[in-house]
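Report on one structure; see the data block that follows.
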There are 2 protein chains.
Amino acid sequence: MPTQRRTPGRRPNAADEERLPLSPDRIAEAALRLIDRDGLDALSMRKLGVELGVEAMALYHHFPNKGRVLDAVMDLLVREIDVPPPGSAPALARLRQALRSYRGIALRHPHAFPLLAARRFNSEGAFAVYERLLQAFAELGLPPQRSAWWFRATGNLASGTGLADIASRELVPDATPLTLQREPASVALPPHVAAVAPYLTADRLDEAFEFALDVMFDALERDARRLRRPN
Amino acid sequence: MPTQRRTPGRRPNAADEERLPLSPDRIAEAALRLIDRDGLDALSMRKLGVELGVEAMALYHHFPNKGRVLDAVMDLLVREIDVPPPGSAPALARLRQALRSYRGIALRHPHAFPLLAARRFNSEGAFAVYERLLQAFAELGLPPQRSAWWFRATGNLASGTGLADIASRELVPDATPLTLQREPASVALPPHVAAVAPYLTADRLDEAFEFALDVMFDALERDARRLRRPN
DNA sequence: ACCTGAACACCGTTCAAGT
DNA sequence: ACCTGAACACCGTTCAAGT
């Protein structure tokens, strides 16, 4: 892209975008768009400025630094988590749907998902999601400590899976080419690795995740049943 | 740190380090040291040069770019995964030990661990680890597809847990302060979140992980038993 | 109140040159 | 073969200035 010429008073609108006043929301949305398009490393305050038709330094009027912009992007992603509200379905079904939709973010926003997995959720939106999830665990009859543990176990499984799925699709910046998914025998794989490789190709990762969810939810259901009628 | 004066012919050895000849191993070790000390974002080719008493550009004689340096750091971490060899213990015990030691890397190298979780393992060392793990699953009598699924489920749980544990310890660069771990009621938490918060403090994350491992391994053992004597 | 533009202290990487 | 040093095209952020 050639450097844009700009006349002093009137700047060109980048990317056929209306010249609306800047706002935290508009900035966060542009940042997510840029990350989705070019990758996390490509997000810079300067490019974000260009995307919005504004000098980079104008952004500092709405965010104190780049870290807070990333937090705002995280919050956009958190809002994509679909946790059905209490009463809309049985607790187990709501939890399962929430985990599926969380891991789904990895597929829709592969470049941005690592933010969710690696940075702490700490926004209003995140607490709302937490609350609905924990409400569902409580509904199963689990005491708080048990809810806490199940909450972590299932959530960590989903975020670990999202990250692994992204890596398997070679969407990590700078990654070396994957041997596992190459045409067979481009490199000699160790025997047990070779045996499982066909089941871990990118197009079969959904099955693997559903299996893991089955394992977790079978155990969760049994745990809840056992706790409800104590022998 | 003030800029070091340097006389043309003789550079000062950085960090009281012997002036050994550069090698990929020495570079990777210095990179990991630097990441452990100052964080992943603080690793630059220039600082890595200073750490080794060398101009940054000398590194390009051993690695084509920074991405390959990070791959080498990953490989150092992979070698810290302790997968007991076949015969040394029952298969389930070996697997459990491997997952514990993998997640342990998150605690020993919190700044570097995200590399492991987000980048694809693709080195010789990684394949050796894979092979030993998959050998253990096969030993349980699982067919390849089942091994593949259990491999992903347990591995993803461990890496998701490692990342969450790092975030809980506020070791993520740029993170906003955590409300969950603050002195009680600095901010009003939603009721179910407030109820579980005491069980998710940094000092209780080991218990939560052991619970998740129990869930996984109980189910794995049952699955293996069921597959061995088909009804 | 909101945005610009120059400046500072950094980056990764290329390239020609030195030994 | 191995390393240097200048250069290029970038960064995040500060600051004084414009409207």
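Proteins come first, then strands; the chains are lettered A, B, ... in the order of their sequence lines, and each starts at number 1. These numbers come from a predicted model, not from an experiment.
Taking the six-membered ring where tryptophan is involved, the planes of A:Phe113 and A:Tyr102 are tilted, since the angle between them lies from 30° to 60°.
Where A:Ala42 and B:Met57 meet DNA chain D, the nucleotide closest to each residue was compared, and B:Met57 sits on the side nearer the 5' end.
Side-chain atoms of B:Val54 lie closest to D:dT4 of the nucleotides C:dT13, D:dT4, D:dG12. For A:Asn65, the side-chain atoms get nearest to D:dT13 when compared with the rest of D:dT13, C:dG5, D:dC3. Here C:dG12 is the nucleotide among C:dC3, C:dG12, D:dG12 with the atom lying nearest to any side-chain atom of B:Tyr60. The nucleotide whose nearest atom lies closest to any side-chain atom of A:His61 is, among D:dC3, D:dG12, C:dA1, C:dA1.
The shortest distance between the side-chain N/O atoms of B:His62 and the OP1/OP2 oxygens of D:dC3 is below 4.0 Å. Using a 4.0 Å cut-off, some side-chain N or O of A:Lys47 falls inside it from OP1 or OP2 of D:dC11. Between A:Lys66 and D:dC11 there is no side-chain polar atom (N or O) within less than 4.0 angstrom of OP1 or OP2.
In this entry the distance linking CZ of A:Arg68 with C1' of D:dT13 reads 14 Å, nearest Å. Between the CG atom of B:Asp41 and the C1' atom of D:dC11 there is a distance of 12 Å, rounded to whole Å. Rounded to whole angstrom, the span from the CG atom of A:Leu48 across to the P atom of D:dC10 amounts to 17 Å. One interatomic measurement links the two molecules: CD1 of B:Ile27 to P of C:dG12, which rounds to 14 Å at whole-angstrom precision. The interatomic distance linking B:Arg46 (CZ) with D:dT4 (P) rounds to 14 Å, in whole Å. Rounded to a whole Å, the CZ atom of A:Phe63 is 15 Å from the P atom of D:dG12. Straight-line distance from the CD atom of A:Glu55 to the P atom of D:dA16: 19 Å, rounded to whole Å. Taking atom CG of A:Leu40 as the reference point, atom P of D:dG12 lies 12 Å away to the nearest angstrom.
Residue A:Leu59 is classed as having no contact, given no heavy-atom separation below 4.0 Å to the nucleic acid.
For the pair A:Leu52/A:Leu59, a side-chain contact is recorded, criterion being any heavy-atom separation below 4.5 Å from C-beta on.
The nucleotide D:dC10 finds no pairing partner, because no Watson-Crick or G-U wobble arrangement with both distances shorter than 3.5 Å includes it. When both pairing distances are held under 3.5 Å, C:dT19 makes a Watson-Crick or G-U pair with D:dA1.
In this structure, the side chain of A:Gln135 does not engage the main chain of B:His192 through any donor-acceptor pair within 3.5 Å. Judged purely by atom type and a 3.5 angstrom limit, B:Glu131 uses its side chain to pair as donor or acceptor with the backbone of A:Val193.
Between A:Arg46 and A:Glu55, none of the side-chain N atoms (NZ, or NE/NH1/NH2) sits under 4.0 Å from a carboxylate O, so this pair counts as no salt bridge.
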